[in-house]
Amino acid sequence: MDKQTVSDPTSRYNPREAEPRWQKAWADRKLFETLVDEATTRPNYYVLEMFPYPSGRIHMGHVRNYAMGDVVARYKRAKGYDVLHPMGWDAFGMPAENAAMQNKTHPKGWTYDNIDAMRKQLKSMGLSLDWSREFATCDVEYYAQQQKLFLDFLKHGLVYRKNAKVNWDPVDMTVLANEQVIDGKGWRSGAEVEQRELTQWFFKISDFSEELLDAIDTLDEWPAKVKLMQANWIGKSRGLQMKFHLTTSAAGFDHFEIFTTRPDTLAGASFMAIAPEHPLAIALAKNDPELAKFGKEVRKTGTSAEELETADKQGYDTGLKVLHPLDKTKTLPVYVANFILMDYGTGAVFGCPAHDQRDHDFASKYGLPIIATFIPNDCEDDPDTFVSGEPYVPLKSETVKWINQPAGVSVASGQEAIDATIDWAEQNGLGDGIVQFRLRDWGISRQRYWGCPIPVVHCEDCGVVPEKEENLPVELPDDVTFDIPGNPLDRHATWRDVPCPACGKPAKRETDTMDTFVDSSWYFARFITPHEKNPTIAEQANRWLPVDQYIGGIEHAILHLLYSRFFARAMSIAGHMDIKEPFKGLFTQGMVVHETYGNKDMGWLQPAELIIEEKDGARSAKRIDTGEEVPIGGIEKMSKSKRNTVDPDDIMQTYGADTARWFMLSDSPPERDVEWTDAGAEGAHRFVQRVWRLVQTWLEKSASATLPENSGGKALEIRKASHKTLKAVGEDLEKLAFNRAIARIYEHCNTLSAVKPGQADDGVSSAMKEGIFFLVQCIAPMMPHLAEECWHALGQTSLVSEQAWPEFDPALATDSMIMLPVQVNGKKRTDLEVQIDASVEQIEAATLNLDVVKKILNGSKPKKVIVVPKRIVNVVV
RNA sequence: GCGGGCAUGGCGGAACUGGUAGACGCAAGGGACUUAAAAUCCCUCGGCUGUAAAGCUGUCCGGGUUCGAGUCCCGGUGCCCGCACCA
């Protein structure tokens with residue numbers, strides 16, 4: 001055989017050479033650019049991965065996320081859809097400002113440099129993205145549209161201003177997010193953080209609480225977990241709002257209102273507690289310096305989970321009393337207490353120590369009575385002594401009895417008691433059954449430079465005035481510095497000082513910018529018409545939205561997704577589209593994890609700094625530079641702090657993008673974490689070369705082979721395997737079960753590899769040709785470069801990326817004869833080969849005729865024979 | 001505290017609505033080719049008994065339902081996640 005004319009099956013596929021070549025071929029043909037405004041007869045499909053923050057380098061998590069999205073995009077394209085698959089950059093945010101402070105760079109330059117670097121990396125992954133739609137949220141063209149949306153929302157009453165507490169760092173003169181406050185101190189300055197009240201902008205997401213909650217039921221392509229998290233976050237609870245009357249008026253109050261979800265425990269009330277910010281507490285504090293001091297102290301304690309856990313229940317007795325609503329001869333003391341939140345309910349509660357842990361803690365500390373309203377059915381003890389230990393919190397249990405209920409009210413137990421008390425309170429004019437939501441309005445003001453400016457002007461005469469639309473965009477000034485603490489916009493006089501849009505007098509711009517979550521709440525809509533002079537074109541948005549498949553991390557399960565759901569509604573109200581749910585299908589992928597090396601004391605080492613050896617089953621890690629042995633730690637999420645990262649660039653240089661993509665998809669179910677191992681990556685690369693070798697091996701035979709026709713024997717066997725694979729892979733890809741699809745492809749490749757070309761007759765050659773074509777098309781969504789290279793080698797002049805997904809032949813994808821397992825008393829004894837459509841009677845007769853069965857029966861009759869067609873036979877003796 | 005999830009070989013994981021447990025991959029062991037290595041190919045691979053044929057046992061633990069349970073029900077253990085002074 002002449003080696004010049006026939007490919008050498010031992011030659012290796014070179015991804016470094018081939019991958020850029022195919023990327024260029026796709027780009028040259030604009031294969032992935034979608035014409036959204038061109039109505040075709042083909043159905044459309046919008047697949048989107050959560051866009052990245054331009055930190056500077058992509059990480060393996062990105063590779064996994066985008067590999068998944070790309071498989072969906074490429075598969076759907078092959079299935080005949082017009083696919084929209086865009087990419088952009090979530091580019092505003094604090095890291096750019098931090099970098100500016102540290103490195104004396106400008107946030108803008110830093111961000112765009114990072115985008116350039118990451119775009120290059122993403123392009124080397126060979127993703128089928130429509131790059132003509134790319135934008136960054138820090139592009140003026142983007143945030144100009146966002147400012148329009150803000151003004152529209154303002155017009156429709158979806159935005160308002162109110163005072164709100166913020167964490168204020170007095171040294172950096174900046175507002176801190178909760179997670180930037182560590183032990184009550186600023187993460188950067190270390191200064192004691194103060195609680196400050198600032199007037200800030202809010203989106204009225206709470207107007208949509210009920211709707212956002214109810215509509216969760218319609219999201220049937222979302223993970224149940226995410227839906228539950230959202231429902232909990234919105235936090236609907238029904239309860240009683242009710243008045244408690246003071247025995248004597250004080251500071252202008254003769255009563256105040258409380259909210260409770262447990263009105264059934266009303267009889268157990270032993271004290272009242274109000275928040276330090278409650279209007280009554282504030283009014284009383286004016287003439288009570290002790291109380292004022294108490295309020296100030298309380299404000300100092302942090303809001304982190306740990307602090308709250310350890311924080312003592314503290315109260316200040318106001319000396320006031322209220323009348324007990326069930327027993328007018330009794331009064332209850334009124335405390336100001338540190339564990340009452342002003343922004344939930346009414347900021348006031350009655351305390352029932354018998355049935356609530358916090359109230360119990362509080363009552364124990366201040367020596368208040370503990371009175372039960374529920375006791376177990378079988379409890380014969382005195383109810384007063386019953387609850388002296390731990391609070392007892394029955395609700396839905398049927399094993400409790402209700403005691404001390406309001407006069408004339410009687411029910412069995414549980415929820416009924418709550419409803420009955422609410423009815424009773426309503427009938428007696430004491431209160432109302434109401435619904436409370438946990439969801440608060442969304443504060444979007446950030447005292448930062450690197451964000452979308454809020455387009456309003458503050459005028460001494462006119463107040464807050466929206467900027468005129470023709471004056472948009474309110475562009476961020478470039479000439480700012482970060483050497484002085486605080487927001488540079490505050491001290492940028494030429495930018496800040498502008499005439500009032502209403503009266504023309506000197507006024508000042510709002511210097512706050514928007515929360516970056518605003519930027520990411522509508523980018524999916526902008527991708528449809530990214531260059532328009534309006535935020536959207538409603539007609540096109542309606543045609544392409546909702547996003548058919550959205551893929552990203554679980555960390556965005558609540559805020560980003562909830563804000564986006566709100567934005568879709570708000571944008572619908574403002575006429576920008578008519579879609580309420582932005583994401584039809586949601587998939588949350590697992591993390592990429594890796595072993596760690598080192599520990600807290602010696603520090604952490606990167607995998608690339610070590611040699612990992614395995615001897616007698618024991619693994620050890622040694623430093624390359626010093627030879628020192630380093631302990632191998634747990635498997636954790638890849639992170640800079642643990643230094644257990646693997647750079648996608650290195651992997652793509654060594655093995656190619658296809659290998660990285662394949663490995664990220666193959667090893668674990670996509671929703672679960674996947675561990676990066678070098679051995680796993682090598683295994684994936686071995687498969688790349690195996691496919692290539694298989695194609696090379698059959699080049700000559702398949703070139704002359706015709707299309708497979710009706711055949712038998714070996715050829716039929718191969719064809720059946722091919723069509724079964726095609727069917728299974730298609731089904732798995734529809735379900736995003738990438739790991740299972742890959743297992744099927746491995747199986748198929750094993751089947752094909754077992755056939756040796758030397759013995760192949762014409763029938764087998766053509767069956768192999770079909771099998772190899774199917775194989776190449778099946779791998780194409782995951783390993784598009786290798787697929788193109790094989791496709792080309794097989795003599796195709798077209799690109800595999802523009803091929804339709806092959807159809808399987810149902811007749812070949814199913815067997816006519818099947819092996820039924822035969823059990824005796826539920827234990828497998830043998831197999832029985834039958835026609836797939838054999839009747840129950842036929843199968844039963846054949847089973848009883850089997851030697852194994854006959855031997856066990858030994859002439860006697862079986863008690864029962866269970867035949868499940870196509871599944872199993874079970875003989876019960 | 002409240003809410004949710006998961007548990008299968010040495011490892012990652014398959015097993016559709018109850019129907020052959022361990023597909024596929026990784027690791028490991030043995031062998032072939034090679035001067036040698038890499039690459040590749042072949043074999044073994046849950047545990048126990050057995051030369052073998054075969055048999056027993058086995059999906060976190062204890063019960064139950066069923067002809068049949070990894071899958072369903074009850075009780076427990078362990079791990080993971082979300083929310084959290086939300087009244």
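Letters A, B, ... are given to chains in the order of the sequence lines, protein chains preceding strands, and every chain is numbered from 1.
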Quiz item: Rounded to whole angstrom units, what separation is found between the CD atom of A:Gln314 and the P atom of B:C85?
Solution: 16 Å

Exercise. Write down the distance separating the C1' atoms in B:C42 and B:G47, rounded off to the nearest Å.
Key: 26 Å

Quiz item: Going by a 90° cut-off around 0, is B:G9 syn or anti?
Solution: syn

Quiz item: Is A:Leu820 touching bases, backbone alone, or none of the nucleic acid, heavy atoms closer than 4.0 Å?
Solution: nothing

Practice problem: Look at the aromatic rings of A:Phe256 and A:Phe244 and report parallel, tilted or perpendicular, splitting at 30° and 60°. | Solution: parallel

Practice problem: Figure out the CD1/C1' separation between A:Ile554 and B:G4, and round it to whole Å. | Solution: 11 Å

Quiz prompt | Distance, P atom - from B:U65 to B:G70, rounded to whole angstrom | solution = 16 Å

Quiz item: NE2 of A:His685 versus P of B:A38: gap in Å, rounded?
Solution: 16 Å

Quiz item: Does any non-hydrogen side-chain atom of A:Tyr563 lie less than 4.5 Å from one of A:Leu559?
Solution: yes

Quiz item: Given the side-chain rings of A:Tyr655 and A:Phe663, with only the six-membered ring counted for Trp, is the space between their centroids under 6.0 Å?
Solution: no

Quiz item: B:C67 and B:A54: how far apart are their P atoms, nearest whole angstrom?
Solution: 30 Å

Exercise. Calculate the interatomic distance between A:Ile258 atom CD1 and B:C86 atom P; express it in whole Å.
Key: 15 Å

Quiz item: Are A:Phe271 and A:Tyr366 close enough, and set up right, to give a ring-ring contact (aromatic ring centres under 6.0 Å, His included), and what steps lead you there?
Solution: CA-CA 10 Å; A:Phe271 65 92; A:Tyr366 293 100; 8.6 Å; no

Self-check item: Nucleotide pairing, RNA chain B (Watson-Crick or G-U, distances under 3.5 Å), in dot-bracket with [ ] and |
Solution: (((((((..(((......[....))).(((((.......))))).((((....))))..(((((..]....))))))))))))....

Self-check item: Phosphate-side-chain proximity, A:Asn739 and B:A14, N/O vs OP1/OP2 below 4.0 Å
Solution: yes

Quiz item: Given B:G12, B:G3, B:C85, which nucleotide is nearest the side-chain atoms of A:Lys313?
Solution: B:C85

Exercise. Could you measure between the two P atoms, the one in B:C83 and the one in B:U17, and give it in whole Å?
Key: 31 Å

Exercise. Classify the nucleic acid contact of A:Tyr746 as base, sugar-phosphate or nothing, counting any heavy atom under 4.0 Å across all strands shown.
Key: sugar-phosphate

Exercise. Mind checking A:Arg440 for me? I need base, sugar-phosphate or nothing, with any heavy atom below 4.0 Å counting as a touch.
Key: base

Quiz item: Taking CD from A:Glu595 and P from B:C11, how many angstroms apart are they, rounded to a whole number?
Solution: 14 Å

Quiz item: What nucleic acid atoms does A:Lys827 come within less than 4.0 Å of, heavy atoms only: base, sugar-phosphate, or nothing?
Solution: sugar-phosphate

Quiz item: Does a distance-only test, which skips hydrogens and angles, find a donor-acceptor pair under 3.5 Å between the side chain of A:Arg672 and the base of B:C6?
Solution: no

Quiz item: Taking the side chain from A:Thr373 and the backbone from A:Gly268, do they hold a donor-acceptor pair closer than 3.5 Å?
Solution: no

Quiz prompt | Pairwise P distance for B:G10 and B:G63, with rounding to whole Å | solution = 24 Å

Self-check item: Contact under 4.0 Å: A:Arg686 side-chain N or O vs B:A27 OP1/OP2
Solution: yes

Exercise. Would you mind reading off the distance between A:Lys227 atom NZ and B:C81 atom C1', rounded to a whole angstrom?
Key: 18 Å

Quiz item: Okay, side chain of A:Arg829, backbone of A:Val853: is any donor-acceptor separation there less than 3.5 Å?
Solution: no

Quiz item: Can A:Asp264 and A:Thr421 be counted as having a side-chain donor-acceptor contact under 3.5 angstrom?
Solution: no

Quiz item: Looking for any heavy atom pair under 4.0 Å, which part of the strands does A:Asn750 touch: base, sugar-phosphate only, or nothing?
Solution: sugar-phosphate

Exercise. Sticking with atom C1', work out how far B:C11 lies from B:C45, rounded to a whole angstrom.
Key: 13 Å

Quiz item: Heavy atoms under 4.0 Å, any strand shown: does A:Thr677 hit a base, just sugar-phosphate, or nothing?
Solution: nothing

Quiz item: Using a cut-off of less than 4.0 Å, is there contact between a side-chain N or O of A:Arg693 and OP1 or OP2 of B:A39?
Solution: no

Quiz item: Which part of the nucleic acid, if any, lies within reach of A:Val349 when heavy atoms closer than 4.0 Å are counted: base, sugar-phosphate only, or nothing?
Solution: base

Quiz item: Any side-chain heavy-atom pair from A:Arg661 and A:Met783 closer than 4.5 angstrom?
Solution: no

Exercise. For A:Glu747 and for A:Asp673, find the nucleotide of RNA chain B with the closest heavy atom, then tell me which residue's nucleotide is more 5'.
Key: A:Asp673

Quiz item: When rounded to the nearest Å, what value does the distance between P atoms of B:C80 and B:C85 take?
Solution: 22 Å

Quiz item: CZ of A:Phe738 versus C1' of B:G25: gap in Å, rounded?
Solution: 18 Å

Quiz item: Is the cationic atom of A:Lys313 (NZ for Lys, CZ for Arg) positioned less than 6.0 Å from the six-membered ring centroid of A:Phe362 and within 45 degrees of its normal?
Solution: no

Self-check item: hbond_proxy A:Lys225 side chain to B:C81 base (donor-acceptor, 3.5 Å cutoff)
Solution: no

Self-check item: Whole-angstrom distance between B:C72 and B:U59, as gauged at atom P
Solution: 15 Å

Exercise. Kindly state each residue pair satisfying salt bridge (charged side-chain N to carboxylate O under 4.0 Å, His left out) with at least one member in residues 727-751 of chain A, sequence neighbours excluded.
Key: A:Lys76-A:Glu734, A:Lys727-A:Glu731, A:Asp732-A:Arg740, A:Arg744-A:Glu747

Practice problem: Could you check which of B:G13, B:A87, B:C56 has an atom nearest any side-chain atom of A:Arg829? | Solution: B:C56

Quiz item: Is any side-chain N or O of A:Tyr344 closer than 4.0 Å to OP1 or OP2 of B:A87?
Solution: yes

Quiz item: Hey, mind stepping through A:Lys165 and A:Glu277 against salt bridge (Lys or Arg N to Asp or Glu O under 4.0 Å) and telling me if it holds?
Solution: CA-CA 11 Å; A:Lys165 273 195 283 186; A:Glu277 305 88 352; 3.3 Å; yes

Quiz item: So, do A:Leu266 and A:Thr260 sit near enough that their side-chain heavy atoms are less than 4.5 Å apart?
Solution: no

Quiz prompt | Heavy-atom protein contacts under 4.0 Å, nucleotides 17-22 of chain B, coded B base, S sugar-phosphate only, - none | solution = B-BB--

Practice problem: Identify whether any heavy atom of A:Gly683 sits under 4.0 Å from a base atom; if not, whether one sits that close to sugar-phosphate; answer base, sugar-phosphate or nothing. | Solution: sugar-phosphate

Practice problem: Pick base, sugar-phosphate or nothing for A:Arg740, based on heavy-atom distances below 4.0 Å to the nucleic acid. | Solution: sugar-phosphate

Quiz item: Between A:Arg358 (CZ) and B:G1 (P), how many Å, whole number?
Solution: 14 Å

Quiz item: Just checking A:Leu228: base, sugar-phosphate only, or nothing, at a heavy-atom cut-off of under 4.0 Å?
Solution: sugar-phosphate

Quiz item: A:Ile558 side chain: which of B:A87, B:G12, B:C83 is closest?
Solution: B:C83

Exercise. Please state whether the rings of A:Phe259 and A:Tyr344 are parallel, tilted or perpendicular, taking 30° and 60° as the class boundaries.
Key: perpendicular

Self-check item: Pairwise 5' ranking along RNA chain B for A:Ile742 and A:Ser666, keeping only the more 5' one
Solution: A:Ser666

